[in-house]
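Some notes on the structure that comes next.
Note: hydrogens, waters and symmetry copies are ignored here, and every other heavy atom, side chains too, is used. Please read these numbers as outputs of a predicted model, since none were measured by experiment.
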Amino acid sequence: MLAKIHLAILYLCFSFTCSAADLPLNVLLDDKGQPLAIPTEQQIALDYTPVPHTTASYSAQTPRTNKKARAKQKATKMSRKQQLKNRNSIADNSNCRWLSARMTQLEKQLNPGINHRNRHQQQELNARQTEWECLKCGAEGPEPRDYYTCQYRR
């Protein structure tokens, strides 16, 4: 802003051939030669206060189970078939992660119920579930030869 004002003063001086003696001290002039008011105090251009960020405590987000229940969960061993169908643990494989996300998405879309409009989604979900079991995504993950035999073909 000050640079523009100084340029305006220089422009006025050169265009009207005025000298430094003609210009008053401590006065700013606009493009028409009229004096501008100089603020005496500094003013804040933007007054911003951020909204305080609140987060819920970790204990409120996850329900805790007692020691007996956790011991019982560890004691129950799943069969091989249950392990393969289980989606609680996902093998460290990009295909398995994608399959899990896709099946979750299909399940959300089918949540209201199956009807003639979303029957194709139910068919895809069934195909993805068999692909999940064939690729062993609930356990150790697929071997290289599993991809060809297990992948869903339309």
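Atoms CD and CD, on Gln109 and Glu107 in that order, are 10.5 Å from each other to the nearest 0.5 Å. Going from atom OG1 of Thr149 over to atom CD of Glu131 covers 10.0 Å, rounded to the nearest 0.5 Å. Atom CG in Asn93 sits 11.0 Å away from atom CD in Glu140 (nearest 0.5 Å).
In terms of the side chain to side chain donor-acceptor pair (under 3.5 Å) criterion, Arg119 has no residue partners (sequence neighbours excluded). Applying the side chain to side chain donor-acceptor pair (under 3.5 Å) rule to Gln151 yields no partners; only residues at least two apart in sequence or on another chain are considered. Partners of Glu143 under the side-chain contact (heavy atoms from CB on, under 4.5 Å) rule, at least two apart in sequence or in another chain, are Lys136, Arg145, Asp146. For Asp47, the salt bridge (charged side-chain N to carboxylate O under 4.0 Å, His left out) criterion is met by no residue, not counting sequence neighbours.
Counting only N and O atoms by type, the side chains of Asn118 and Gln122 include no donor and acceptor under 3.5 Å apart.
Contact annotation: the side chain of Asn95 never approaches that of Trp132 to less than 4.5 Å [non-hydrogen atoms, C-beta and beyond]. At least one side-chain heavy atom of Leu125 sits under 4.5 Å from a side-chain heavy atom of Leu110. Looking only at side-chain heavy atoms (C-beta outward), Arg128 and Trp98 come within less than 4.5 Å of each other.
Applying the disulfide bond (SG atoms under 2.5 Å apart) definition to pairs two or more places apart or across chains, those involving residues 116-145 are Cys96-Cys137, Cys134-Cys150. Listed by first and then second residue, the salt bridge (charged side-chain N to carboxylate O under 4.0 Å, His left out) pairs that reach into residues 97-106 are Asp92-Arg97, Arg102-Glu124, sequence neighbours excluded.
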- Item | Chi angles and distances behind the side-chain contact (heavy atoms from CB on, under 4.5 Å) call for Gln34, Leu29 | CA-CA 5 Å; Gln34 303 297 322; Leu29 302 175; over 6 Å; no
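Pairing each heavy atom of Gly138 with each of Ser89, the nearest pair is O-OG, 3.3 Å.
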